[in-house]
Amino acid sequence: MFTGIVEEFGTIEAIEDQGDALRLTIASDITLSDARLGDSIAVNGCCLTVAERTDGTWTADVMAESLAKTSLGDLAVGDRVNLERAVTAEKRLGGHIVQGHVDAVGEVVRRTPSEHWEVVEIAMPAELGRYLVDKGSITVDGISLTVVEAGETSFTVSLIPETLARTTLGFRAPGERVNLEVDVIAKHVEKLVRAYTSKEN
């Protein structure tokens with residue numbers, strides 16, 4: 001489990017194409033400080049497992065399912081990615097509950113800059129729309145964000161200077177793909193309500 005508070009940028013050092021899978025090697029500092037084999041690290045919001053590590057890099061396997069459901073297959077050597085270690089019991093939950101299980105891939109539609117912040121509109125598959133509400137939570141490339149305006153097929157978020165400087169949303173251009181994870185609590189509520197109403201009928 002994660003909080004959606006990005007700890008650092010990582011850099012893609014190597015990509016090994018295995019046909020139906022990829023091996024990503026990522027250079028990082030903070031996330032490597034206490035990383036052990038088998039630990040979970042979120043890469044652009046996708047939970048990956050440390051399979052190998054050196055003093056400056058770690059390697060993870062990305063299976064076909066993850067390649068189909070996320071934007072990790074778009075990555076190239078030299079790209080920067082958002083990294084976050086799994087949350088510990090004593091850590092502050094500064095964002096919201098994030099599983100690292102990407103629901104769908106969205107696309108940056110437009111960016112509207114202001115003097116001190118920037119509004120970004122992101123398109124999403126229509127089936128995710130029911131989980132978003134104004135002022136609710138959404139995870140974009142592993143970043144816990146507050147929805148400004150929730151539409152049926154897109155939503156907007158307002159980015160403060162800290163988010164612009166410390167995450168990949170600072171430089172994502174219109175047309176680029178991003179990983180989306182909706183609030184898991186909304187999904188649980190939907191399932192419980194559906195079961196309850198079906199019994200009434």
Side-chain angles (χ1 to χ4, degrees), residues 1-12 24 26-36 38-50 53 56-58 60 62 66 69-72 75 79-106 108 111 114 116-122 124 128 131-150 155-172 176-188:
M1 190 176 77
F2 306 91
T3 70
I5 303 300
V6 174
E7 294 187 279
E8 66 172 333
F9 283 126
T11 303
I12 303 297
L24 295 179
I26 301 169
S28 63
D29 295 315
I30 297 171
T31 49
L32 265 178
S33 63
D34 58 357
R36 298 173 297 181
D39 282 357
S40 296
I41 298 176
V43 179
N44 282 355
C46 183
C47 179
L48 299 181
T49 301
V50 178
R53 66 156 295 171
T57 66
W58 60 282
V62 184
S66 296
K69 296 289 179 65
T70 75
S71 65
L72 293 184
L75 294 172
D79 283 352
R80 289 182 292 173
V81 290
N82 298 322
L83 299 179
E84 182 192 354
R85 292 169 291 181
V87 68
T88 58
E90 69 274 9
K91 186 176 179 181
R92 290 185 175 90
L93 186 61
H96 70 283
I97 296 172
V98 176
Q99 294 183 297
H101 302 160
V102 174
D103 289 303
V105 174
V108 176
R111 307 182 68 108
S114 185
H116 298 296
W117 67 86
E118 190 165 344
V119 174
V120 178
E121 182 181 357
I122 297 172
M124 64 180 171
L128 294 189
Y131 300 116
L132 271 63
V133 295
D134 293 357
K135 305 303 182 287
S137 295
I138 181 73
T139 306
V140 179
D141 268 358
I143 310 159
S144 174
L145 296 170
T146 300
V147 175
V148 174
E149 186 174 350
F155 63 94
T156 57
V157 290
S158 185
L159 307 181
I160 61 173
E162 177 75 1
T163 304
L164 292 168
R166 292 176 58 85
T167 76
T168 56
L169 276 183
F171 51 81
R172 283 272 181 260
E176 290 195 69
R177 305 200 312 155
V178 290
N179 294 323
L180 304 177
E181 180 185 332
V182 298
D183 191 344
V184 67
I185 295 174
K187 291 192 283 186
H188 281 300

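Residue numbers count from 1 along this sequence.
Formation of a donor-acceptor pair under 3.5 Å by the Arg172 side chain with backbone atoms of Val108 is not found in this model. Judged purely by atom type and a 3.5 angstrom limit, Asn82 has no side-chain atom pairing as donor or acceptor with the backbone of Gly142. A donor-acceptor pair is defined here as one N or O able to donate and one able to accept, closer than 3.5 Å; such a pair exists between the side chain of Thr156 and the backbone of Glu149. Under the 3.5 Å distance criterion, the side-chain polar atoms of Glu181 are matched with a main-chain donor or acceptor of Gly100. Between the side chain of Glu118 and the backbone N or O of Ser158 there is no donor-acceptor pair closer than 3.5 Å.
Using a 4.5 Å cut-off on side-chain heavy atoms (C-beta onward), Ile97 and Thr3 make no contact. Side-chain contact between Leu48 and Ile41 is absent, with no heavy atoms from C-beta onward closer than 4.5 Å. Residues Lys187 and Tyr131 form a side-chain contact, since some pair of their non-hydrogen atoms from C-beta on lies under 4.5 Å apart. Counting heavy atoms from C-beta on, the side chains of Glu7 and Thr31 come closer than 4.5 Å. The shortest distance between side-chain heavy atoms of Glu121 and Phe155 does not fall below 4.5 Å. The shortest distance between side-chain heavy atoms of Thr11 and Ile26 does not fall below 4.5 Å. Using a 4.5 Å cut-off on side-chain heavy atoms (C-beta onward), Thr167 and Asp141 make no contact. Side-chain contact between Val157 and Ile138: present, with at least one pair of heavy atoms (C-beta onward) separated by less than 4.5 Å.
Atoms OG1 and CG, on Thr49 and Asp39 in that order, are 9.0 Å from each other to the nearest 0.5 Å. Going from atom CD of Glu84 over to atom OG of Ser40 covers 11.0 Å, rounded to the nearest 0.5 Å. Distance check, rounded to the nearest 0.5 Å: CG of Leu180 to CD1 of Ile122 gives 6.5 Å.
Applying the salt bridge (charged side-chain N to carboxylate O under 4.0 Å, His left out) rule to Glu8 yields no partners; only residues at least two apart in sequence or on another chain are considered. Every residue meeting the side-chain contact (heavy atoms from CB on, under 4.5 Å) condition with Val102, not counting sequence neighbours, appears here in chain and number order: Cys46, Thr70, Asn179.
Nearest heavy-atom pair, Cys47 versus Gln99, reported as atom, atom and distance to 0.1 Å: CB-O, 4.1 Å. The shortest heavy-atom contact between Leu164 and Leu169 is CD2-O, 4.2 Å. Nearest heavy atoms, Gly170 versus Arg111: O-NH2, 3.8 Å. Considering all non-hydrogen atoms of both residues, Ser28 and Leu83 come closest at CB-CD1, 3.5 Å. What you find for Val50 and Arg36 is that their closest heavy atoms are CB-O, 3.6 Å. Minimum heavy-atom separation, Phe9 to Arg166: CZ-C, 3.6 Å.
For Arg85 and Asp34, the salt-bridge test passes: some basic side-chain N is under 4.0 Å from an acidic carboxylate O.
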Side chain to side chain contact (heavy atoms under 4.5 Å, CB included) assessment of Leu32 paired with Arg53: CA-CA 8 Å; Leu32 265 178; Arg53 66 156 295 171; 3.6 Å; yes

- prompt: Please walk me through it: do Thr139 and His96 pass side chain to side chain contact (heavy atoms under 4.5 Å, CB included)?
  reply: CA-CA 9 Å; Thr139 306; His96 70 283; 3.2 Å; yes

- request: Please step through side chain to side chain contact (heavy atoms under 4.5 Å, CB included) for the pair Val105 and Val178, ending with a clear verdict.
  value: CA-CA 6 Å; Val105 174; Val178 290; over 6 Å; no

- prompt: What's the verdict on side chain to side chain contact (heavy atoms under 4.5 Å, CB included) for Val120 and Leu159, showing C-alpha distance, side-chain angles and the deciding distance?
  reply: CA-CA 7 Å; Val120 178; Leu159 307 181; 3.6 Å; yes

